Amino acid sequence: MPEGHTIHRAARDQTRWIAGETLAISSPQGRFAEQAGQIDGRRLDTVEAYGKHLLYRFENAPTLHVHLGLFGRFTHHKVPAREPRGAVRVRFSGSRFILDLNGPNACELLEPPQIAHLLGRIGPDPLRADADPERAYRRIAKSKAPIGLLIMDQAVMAGVGNIYRTEILWRQRLHPETPGAALSRQAFDALWADAKDLLALGVKSNMIVTVDLERGRAAKTKYRERTNIFAHECCPSCAGAIRRFEMAARRAFVCETCQPPV
DNA sequence: TTGATTGTTACCGG
DNA sequence: TCCGGTAACAATCA
């Protein structure tokens with residue numbers, strides 16, 4: 001489910017719902033119980049997103065790091081609390097909202113050196129105002145690895161996942177197997193700008209939208225109508241067949257007419 | 001019950 | 001060092 005837009009959206013919403021409050025933090029499933037004890041009853045200062053990572057900064061307590069992975073989800077509802085559904089790893093209970101976290105890849109307390117290490121190993125995030133695209137460009141320009149792997153490599157650029165990878169490369173008319181070093185500076189700049197625009201639209205829409213839609217129409221469309229070639233059979237531009245293949249064990253799609261191999 | 005899934009990490013061989 | 005392949009893990013749904 002989650003790519004970078006989901007994470008930034010969660011940070012934005014959760015800041016509104018529970019930041020600044022003193023929270024009751026529990027672990028209904030029990031697997032996080034010991035750590036939950038360390039942040040239970042603390043005030044949540046900020047919720048920040050870095051690529052696909054979330055950091056919950058508490059007053060006088062370690063920072064909670066969450067990564068949703070492939071299956072992680074947040075659910076929220078208004079108080080009073082209802083029964084946890086499924087394997088709830090951690091529950092945040094605020095004065096107005098209850099937030100449950102299920103299935104995260106990472107859910108752990110970190111001290112400042114560990115946070116520095118985490119932030120040091122992820123690349124610039126197009127959704128962040130402090131992102132430095134030069135760092136991504138330098139990595140791509142000197143790499144022979146395919147651009148389809150590079151833009152999904154969180155150490156190169158943070159936030160893009162399999163769907164945005166597919167859609168951005170189609171929009172930029174770049175074949176996923178093009179070596180990074182073969183991209184011109186202009187092509188990189190356009191790719192970065194497109195990633196930024198699409199991720200920002202994703203945060204605003206709370207869904208992945210990579211096609212042009214009338215304003216406010218996104219909610220009325222079906223999942224498949226919001227993407228160009230991801231999980232599609234035909235190219236919306238040339239009507240040719242979409243080729244499916246695998247890249248790093250993830251499904252990949254390409255229109256080899258619109259995205260000619262280099 | 002099986003398979004698939006919008007992710008990451010560790011490890012290994014070339 | 002870099003790159004590509006593999007396995008393991010996470011939870012839910014069709």
Side-chain angles (χ1 to χ4, degrees), chain A residues 1-10 27-32 49-54 65-75 84-91 100-108 110 114 117-123 125-127 138-171 176-182 195 198-203 205-211 218 221-232 244-253:
Chain A
M1 163 84 179
E3 293 200 25
H5 71 295
T6 310
I7 308 308
H8 280 260
R9 173 71 180 216
S27 181
Q29 195 73 5
R31 287 198 294 158
F32 187 68
Y50 292 85
K52 300 176 187 173
H53 300 260
L54 282 164
H65 167 228
V66 169
H67 190 289
L68 295 181
L70 202 47
F71 313 119
R73 290 198 98 132
F74 285 106
T75 51
R85 288 184 192 169
V88 173
R89 184 80 59 87
V90 59
R91 164 171 281 193
D100 284 344
L101 170 62
N102 292 63
N105 184 313
C107 178
E108 58 189 354
L110 300 182
Q114 298 170 294
H117 180 257
L118 167 69
L119 298 183
R121 72 181 169 80
I122 60 182
D125 173 355
L127 281 175
R138 284 196 295 269
R139 289 284 299 265
I140 291 170
K142 71 180 185 192
S143 175
K144 282 177 276 185
I147 192 65
L149 286 186
L150 291 168
I151 64 170
M152 237 178 75
D153 181 342
Q154 304 300 298
V156 172
M157 151 179 339
V160 171
N162 203 19
I163 298 181
Y164 281 121
R165 175 262 291 268
T166 300
E167 294 290 304
I168 290 167
L169 294 179
W170 180 83
R171 288 164 58 102
E177 288 169 318
T178 307
L198 290 180
L199 285 163
L201 178 62
V203 174
S205 314
N206 204 16
M207 60 180 79
I208 295 176
V209 182
T210 59
V211 299
T221 56
K222 291 186 178 154
Y223 168 73
R224 283 274 169 82
E225 297 168 346
R226 298 181 209 126
T227 55
N228 295 287
I229 65 166
F230 185 84
H232 286 233
R244 295 182 178 226
F245 61 108
E246 287 220 338
M247 262 192 130
R250 309 299 302 281
R251 48 192 184 141
F253 304 85

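The shown structure was predicted, so the numbers you read here are calculated from the model rather than taken from an experiment. In what follows, every chain begins at residue 1, and chains take the letters A, B, ... in the order their sequences are listed.
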- request: Answer with base, sugar-phosphate or nothing: what part of the nucleic acid does A:Pro146 contact at a heavy-atom distance below 4.0 Å?
  value: sugar-phosphate
query: Hey, what's the ring geometry for A:His67 with A:His53, parallel, tilted or perpendicular (30° and 60° as the breaks)?
result: perpendicular
- line: CG of A:Leu110 to CD of A:Glu108, rounded to nearest 0.5 Å, is 4.5 Å
- request: Have a look at A:Ser143 and say if it touches a base, only the backbone sugar-phosphate, or nothing, with a 4.0 Å heavy-atom cut-off.
  value: sugar-phosphate
task: Just call it for A:Asn162: base, sugar-phosphate, or nothing, with non-hydrogen atoms closer than 4.0 Å on any strand.
output: sugar-phosphate
query: Which nucleotide, C:dT12, C:dA10, B:dG7, lies nearest any side-chain atom of A:Phe71?
result: C:dA10
message: By the 4.0 Å heavy-atom rule, please label A:Tyr164 as base, sugar-phosphate, or nothing.
response: nothing
- prompt: Between C:dC9 and A:Asn105, is there an OP1 or OP2 to side-chain N/O distance shorter than 4.0 Å?
  reply: no
- prompt: Is A:Arg73 touching bases, backbone alone, or none of the nucleic acid, heavy atoms closer than 4.0 Å?
  reply: nothing
message: If a pair means Watson-Crick or G-U wobble with both distances below 3.5 Å, what does DNA chain B look like in dot-bracket form, with | marking bases paired to a different strand?
response: .||||.||||||||
field: Among C:dG4, C:dA11, B:dG7, the nucleotide that comes nearest once only the side chain of A:Leu149 is considered
entry: C:dG4
query: Checking all strands, does A:Arg31 fall into the base, sugar-phosphate, or nothing category for heavy-atom contacts under 4.0 angstrom?
result: sugar-phosphate
